[in-house]
Amino acid sequence: MDKKLRVGILGATGMVGQRFVTLMEHHPWFTVTAIAASPRSAGKTYEEAVGGRWKMETPMPDYIKNMPVLDINQIEEVCEKVDFVFCALNMGKAEIREIEEKYAKAETPVVSNNSAHRWTDDVPMVIPEINADHFDVIEAQRRRLGTKRGFIAVKPNCSIQSYTPVLNAWKEFEPYEAVVTTYQAISGAGKTFKDWPEMNGNIIPYISGEEEKSEQEPLKIWGHIEDGTIVKAKEPKITCQCIRVPILNGHTAAVFVKFRKNPTKEQLIEKINSYRALPQELNLPSAPKQFIKYLEDDDRPQVALDVNFENGMGITVGRIREDSIYDWKFVGLSHNTLRGAAGGAVLCAETLVAKHYIEAK
């Protein structure tokens with residue numbers, strides 16, 4: 001790429017916004033030219049606005065410290081400075097839907113980490129290694145919005161990343177039913193142990209709205225485009241429980257699967273390890289070289305050892321074994337704020353650039 005695309009980050013002061021800030025520091029295609037947050041942060045430098053709430057493991061990058069924070073409602077001013085925006089706002093869904101649509105109508109593509117538009121029929125919700133073809137619905141969305149270059153695209157919930165790619169790798173064996181339990185890190189709630197000391201040594205068996213997302217969002221990802229909308233798939237049917245556990249980063253899933261065809265363990269492992277898709281073929285900057293990896297040791301994957309596989313953008317899988325009620329079972333692990341949140345959105349943006357949906361203004 002001859003010239004870097006100019007990027008804005010909406011909701012830059014929150015945990016996911018901070019992750020976007022770190023991912024943009026050395027990005028070969030993108031450079032941050034605008035940051036925006038709530039009116040109470042507007043007018044401050046980024047360092048002043050974040051204050052003592054920096055939650056990343058690495059220090060705040062120097063490039064962002066003195067950048068002025070704009071009001072997210074100053075849409076025209078933000079859009080003048082950028083070619084597209086990432087959205088990581090922490091607001092009510094109705095407010096987010098409204099503001100994302102305003103940016104899109106101002107001819108600025110929005111790549112969102114938020115859930116507000118995940119079930120809008122003509123908004124693609126994409127894991128680039130699975131359903132990058134869903135970005136083609138953008139043309140229908142632009143007709144609805146009356147835009148030439150503006151649109152909204154979203155990434156799915158972090159909870160599904162540990163098992164949806166695995167089931168997709170096995171689609172030729174026709175998985176039709178799955179029971180999933182996720183064990184989810186506290187950073188998925190935007191928290192650290194400093195913010196949430198009561199999570200030390202604790203488990204909470206409830207995460208609001210998470211189980212419905214975990215059951216339904218994979219079906220949209222596996223759906224198809226019909227008459228300018230995305231129609232969700234009917235299978236595999238998924239039932240899920242989501243549990244908050246005392247881990248900072250890393251969502252683990254324990255999964256039981258039924259298949260219409262009868263794969264062997266060797267076939268299941270081969271399909272995982274050989275899985276490649278468009279991001280790998282295009283060698284996109286954030287794409288893992290190996291998307292999914294099977295670990296042979298009985299005690300893997302482990303958060304402490306495996307959560308940063310492929311810079312946090314890969315999925316690790318272990319313990320594939322036959323089950324006495326279902327056909328097979330396995331354990332999957334993904335990094336929830338990298339593959340599951342900001343990193344997944346960055347990979348979506350890179351794919352959109354490769355497919356010419358995002359271009360310089």
Side-chain angles (χ1 to χ4, degrees), residues 6-25 30-56 59-118 120 123 150-155 157-158 186-192 194-196 207-209 336-337 340-346 349:
R6 302 170 303 153
V7 179
I9 303 173
L10 311 182
T13 59
M15 186 175 238
V16 175
Q18 292 175 22
R19 182 66 78 182
F20 277 122
V21 165
T22 63
L23 292 174
M24 291 297 100
E25 185 176 12
F30 306 145
T31 185
V32 177
T33 53
I35 49 176
S38 65
R40 67 178 177 273
S41 296
K44 300 177 182 179
T45 66
Y46 184 72
E47 189 171 32
E48 290 169 341
V50 172
R53 296 179 295 109
W54 182 254
K55 299 182 179 183
M56 298 295 102
M60 182 184 292
D62 289 336
Y63 86 90
I64 201 81
K65 289 180 178 178
N66 295 316
M67 190 174 290
V69 179
L70 301 174
D71 185 335
I72 55 168
N73 299 300
Q74 296 175 289
I75 295 171
E76 186 175 332
E77 184 175 351
V78 175
C79 290
E80 284 177 355
K81 297 177 180 290
V82 303
D83 297 310
F84 75 99
V85 297
F86 290 116
C87 184
L89 292 171
N90 184 15
M91 300 161 58
K93 286 188 180 183
E95 293 176 281
I96 294 172
R97 275 195 294 270
E98 181 180 2
I99 203 160
E100 287 183 345
E101 200 157 294
K102 284 181 178 178
Y103 274 89
K105 287 181 176 178
E107 297 294 1
T108 299
V110 178
V111 181
S112 182
N113 182 72
N114 293 100
S115 63
H117 273 291
R118 286 183 191 155
T120 303
V123 170
F151 63 85
I152 302 161
V154 301
K155 53 147 291 295
N157 198 51
C158 56
I186 65 172
S187 58
K191 304 287 188 181
T192 65
K194 180 181 176 182
D195 307 321
W196 205 359
I207 307 172
S208 179
N336 55 293
T337 69
V346 172

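The closest donor-acceptor contact from the side chain of K55 to the backbone of K191 lies at 3.5 Å or more, if one exists at all. For the pair T33 (side chain) and K81 (backbone), a donor-acceptor distance under 3.5 Å is present. The closest donor-acceptor contact from the side chain of R118 to the backbone of K155 lies under 3.5 Å. A distance-only check finds a donor-acceptor pair linking the side chain of N114 to the backbone of L89 [under 3.5 Å]. At distances below 3.5 Å, not a single donor-acceptor pair connects side-chain atoms of E47 with backbone N or O atoms of M60.
Applying the ring-ring contact (aromatic ring centres under 6.0 Å, His included) criterion to Y103, with sequence neighbours excluded, gives no partner residue. With sequence neighbours excluded, no residue forms a ring-ring contact (aromatic ring centres under 6.0 Å, His included) with F151.
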Assess whether side chain to side chain contact (heavy atoms under 4.5 Å, CB included) is satisfied between E77 and D71, documenting all intermediate values. CA-CA 9 Å; E77 184 175 351; D71 185 335; over 6 Å; no
Where do I64 and V32 land on the side chain to side chain contact (heavy atoms under 4.5 Å, CB included) test, with the steps shown first? CA-CA 8 Å; I64 201 81; V32 177; 4.1 Å; yes
Take V78 and I72 through the test side chain to side chain contact (heavy atoms under 4.5 Å, CB included) and record every step on the way to the result. CA-CA 8 Å; V78 175; I72 55 168; over 6 Å; no
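The OG atom of S187 lies 8.0 Å from the CE atom of M56; values are rounded to the nearest 0.5 Å. Here the CD atom belonging to Q18 is positioned 5.0 Å from the CH2 atom belonging to W54, to the nearest 0.5 angstrom. Here CD1 of I9 is found 7.0 Å from OH of Y46. Values are rounded to the nearest 0.5 Å. Separation of atoms CG (L23) and CZ (F30) is listed at 11.0 Å; rounding is to 0.5 Å.
When all heavy atoms are compared, the tightest approach of N73 to P39 is ND2-CG, 4.0 Å. Residues A342 and R19 approach most closely at CB-CG, 3.5 Å, considering heavy atoms. In plain terms, the two heavy atoms of A104 and I152 that are nearest each other are CB-CG1, 3.9 Å. H117 approaches E100 most closely through the heavy-atom pair CD2-OE1, 3.1 Å. Of all heavy-atom pairs between C79 and T108, the closest is SG-OG1, 3.1 Å. Here the shortest heavy-atom pairing between P109 and D83 reads CD-O, 3.3 Å.
A side-chain contact (heavy atoms from CB on, under 4.5 Å) with V69 holds for exactly one of V50, T45, I35; it is I35.
When only modelled atom types and interatomic distance are considered, N157 and S115 share no side-chain donor-acceptor pair under 3.5 Å.
Within 6.0 Å of atom CZ in R53, more than 12 heavy atoms from other residues, nucleotides or ligands are found, so the atom counts as buried in its surroundings.
Classified by interplanar angle (parallel below 30°, tilted 30° to 60°, perpendicular above 60°), the ring pair F20/F86 is parallel.
A salt bridge links K102 to E98: one of the charged nitrogens lies within less than 4.0 Å of a carboxylate oxygen.
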Can you give each donor-acceptor pair under 3.5 Å made by side-chain atoms of residues 10-17, sequence neighbours left out, with the distance rounded to 0.1 Å?
none

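Residues F84 and V7 meet the side-chain proximity criterion, which asks for heavy atoms closer than 4.5 Å.
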